[in-house]
Amino acid sequence: MQYLDEQFWKRIKIWEDVSLENWQNWKWQIANRLTSLLPLRNVLNISKQEEIAFEKTADIFHFGTTPYYLSLIKDFKDRQNPIRKQIFPSLEELDEEVQKLGSLDPFLEDKMPSIQGITHRYPDRVLFRATNFCSVYCRHCMRKRMFLEEERARTKEEYEEMFEYIKKNKNIKEVLISGGDPLTLPNKKLEFILDNLYKIDHIDIIRIGSRELVVNPYRFFDERLLELFDRYDKVWIVTHFNHPDEVTDITKKAVKLILSTGTPVLNQTVLLKGINDDEKTIETLMRDLLRTKIKPYYLFFCDPVKGVLHFRTDLEKGIKIMDYLRGRLSGLGIPIYAVDLEGGLGKVPIFPQYLIEKGKSHATFRNFENKIVKIFF
Ligand SMILES: *Cc1c(COP(=O)(O)O)cnc(C)c1O
Ligand code: SF4
């Protein structure tokens, strides 16, 4: 967890004169996104390699960050900083192997069904991609393909078609509003989406997948948004923290505001090589999330996306981390380690092996301390 000084952004010269009022305004954060290195050339200690990577990746996957997210970098000289690595292009993305192995839409999200913006993989829930805009471009993003198109919210007609699909499929109980980042949409548009989903009786749960809590927590200082959460009480929020440095006292404040509206907050982490792929970092992250009252939900094995595979760890690494967590950390803080299967075949959970052997009337287990225990039944 990072405790930020009052006016912590002022240590960065270009934001020296920004007032608290502006800095805390989520719209200011988005309007003042950094999409070029130039303003920060002197601050960030950019290497020649990074500079080349910036140029070479410009057409494939942009650079972009909110001022807030960038300001969480503790030491600008440290090129291995976990936040820097999530937003700065690297030449590894262009590595032949990394390019060859991945695909741009490994889960065939754009093909199921043929309604633009809807992915219907499981019988009872659908993915509803509301916009392809994000306030930060994460290098490991699994929907990189989106940003190759024009970045915009969907049109009213497109939304209507999506609502129609959901209305007709009565098995659908849950809608996952995702993106891009749906919480970058103006409140009016969100209200329009929520209002239309509320008109469909068979929807019990509305899950909003957003990284704004990580990259622009001031989004939740917006009273109009909190009013919407209060009014539309089927809403759950799932966010995406990957490293303890991302959890701050401002996060805590934002979560408190969200929880005051009766909206639960859960988290999905992606296991990323060189960023969070060790036991201690994940343990600390899960503890920080719990302290902030965010429930860890998934820990994902890195998806096979083009230009992302240099972040992929061994499958084993995640199992080892899960084994380490068990018994050391409150069960509330233990996520489900999962792999999303290519071809849109769904997510599968993977666990360390605790059931060693099973007979007709007995079973042998291994506990968290590696003690072998046999039970009879
Ligand atoms: C991940 C995902 C879901 C949600 O899965 P949960 O296990 O319920 O979190 C639903 N639809 C699609 C297409 C997904 O990729
Ligand atoms: S916020 Fe999510 S959708 Fe947007 S770039 Fe990051 S990982 Fe991708």
Side-chain angles (χ1 to χ4, degrees), residues 30 33 35 60-66 68-69 83 85-89 104-113 115 117-149 151 166 169 171-185 204-217 219 236-243 246 264 266-270 272 275 295-303 305 307-308 311 335-349:
I30 291 184
R33 288 191 317 149
T35 53
I60 315 172
F61 191 60
H62 322 293
F63 162 78
T65 176
T66 53
Y68 168 82
Y69 192 58
I83 288 166
K85 278 189 156 178
Q86 287 182 68
I87 47 178
F88 274 51
L104 275 176
D105 185 11
F107 308 120
L108 310 180
E109 289 185 328
D110 286 342
K111 295 202 171 67
M112 309 182 290
I115 311 280
I118 291 264
T119 307
H120 194 177
R121 180 188 293 172
Y122 302 105
D124 73 326
R125 51 212 192 273
V126 283
L127 196 67
F128 182 107
R129 275 169 287 128
T131 171
N132 69 351
F133 178 83
C134 280
S135 43
V136 160
Y137 301 110
C138 315
R139 303 318 292 182
H140 60 277
C141 180
M142 66 110 138
R143 300 214 179 98
K144 286 188 151 182
R145 64 180 191 283
M146 287 181 315
F147 306 113
L148 294 171
E149 296 160 26
E151 285 163 63
I166 296 167
N169 287 270
N171 289 333
I172 300 173
K173 306 284 183 236
E174 174 173 351
V175 178
L176 270 92
I177 307 178
S178 175
D181 198 316
L183 292 183
T184 60
L185 292 173
D204 298 331
I205 302 171
I206 298 172
R207 193 190 315 184
I208 298 181
S210 167
R211 213 177 181 204
E212 286 298 277
L213 192 56
V214 185
V215 301
N216 190 10
R219 181 65 179 103
W236 295 56
I237 290 177
V238 179
T239 183
H240 176 35
F241 285 90
N242 289 329
H243 193 276
E246 294 171 338
L266 288 84
N267 185 68
Q268 302 185 158
T269 297
V270 182
L272 298 166
I275 292 178
K295 165 79 186 92
Y297 177 36
Y298 273 127
L299 172 67
F300 284 120
F301 182 55
C302 182
D303 290 330
V305 178
V308 169
F311 284 131
I336 303 166
Y337 180 43
V339 179
D340 211 344
L341 299 177
E342 271 177 71
L345 294 171
K347 297 177 179 76
V348 284

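Position 1 is the first residue of the sequence; numbering continues from there. First listed ligand is number 1; within each ligand, the first listed atom is number 1.
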Check whether any N or O atom of [X], backbone or side chain, sits under 3.5 Å from an N or O atom of ligand 1, and answer yes or no.
| X | answer |
| --- | --- |
| Thr119 | no |
| Glu109 | no |
| Arg121 | yes |
| Arg125 | yes |
| Tyr298 | yes |

- prompt: Atoms of ligand 1 less than 4.0 Å from Tyr297 heavy atoms?
  reply: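 Ligand 1 atoms under the 4.0 Å threshold to Tyr297: 6 (P), 7 (O), 8 (O), 9 (O).
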
Part of [X] with heavy atoms under 4.0 Å of ligand 1, whether side chain, backbone, both or neither:
| X | value |
| --- | --- |
| Lys347 | side chain |
| Arg129 | neither |
| Phe107 | neither |

Salt bridge or not for [X] and [Y], using N-O below 4.0 Å?
| X | Y | result |
| --- | --- | --- |
| Asp105 | Arg145 | yes |
| Asp303 | Arg143 | no |
| Asp340 | Arg121 | yes |

query: Where on Val215 is there a heavy atom closer than 4.0 Å to ligand 2, on the side chain, on the backbone, on both, or on neither?
result: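 Within the 4.0 Å criterion, Val215 makes no contact with ligand 2.
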
message: For the backbone of Val270 and the side chain of Asn242, can you confirm whether one donor and one acceptor N or O come within less than 3.5 Å of each other?
response: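 Flag set: sc Asn242 to bb Val270 pair under 3.5 Å.
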
field: Asn267 (side chain) donor-acceptor with Pro296 (main chain) under 3.5 angstrom
entry: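 No, the answer is negative, given that no donor and acceptor are paired below the 3.5 Å cut-off.
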
Taking every non-hydrogen atom, the tightest pair across Cys141 and Val308: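 Closest heavy-atom pair between Cys141 and Val308: O-CG2, 4.0 Å.
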
field: Trace of the side-chain contact (heavy atoms from CB on, under 4.5 Å) decision for Thr131 with Thr184
entry: CA-CA 9 Å; Thr131 171; Thr184 60; 4.3 Å; yes

message: Which of the numbered atoms in ligand 2 are under 4.0 angstrom from any heavy atom belonging to Cys134?
response: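 Counting from 1, the qualifying ligand atoms are 1 (S), 3 (S), 4 (Fe), 5 (S).
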
What protein heavy atom lies closest to [atom]? Include the residue and the distance to one decimal.
| atom | result |
| --- | --- |
| atom 6 (Fe) of ligand 2 | Cys138 SG, 2.3 Å |
| atom 8 (Fe) of ligand 2 | Cys141 SG, 2.3 Å |
| atom 1 (S) of ligand 2 | Arg211 CB, 3.6 Å |

query: Phe63 and Tyr137: aromatic ring centres closer than 6.0 Å?
result: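 No, they do not, as the ring centres are separated by 6.0 Å or more.
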
field: side-chain contact (heavy atoms from CB on, under 4.5 Å) between Tyr298 and Thr269, intermediate numbers included
entry: CA-CA 6 Å; Tyr298 273 127; Thr269 297; over 6 Å; no

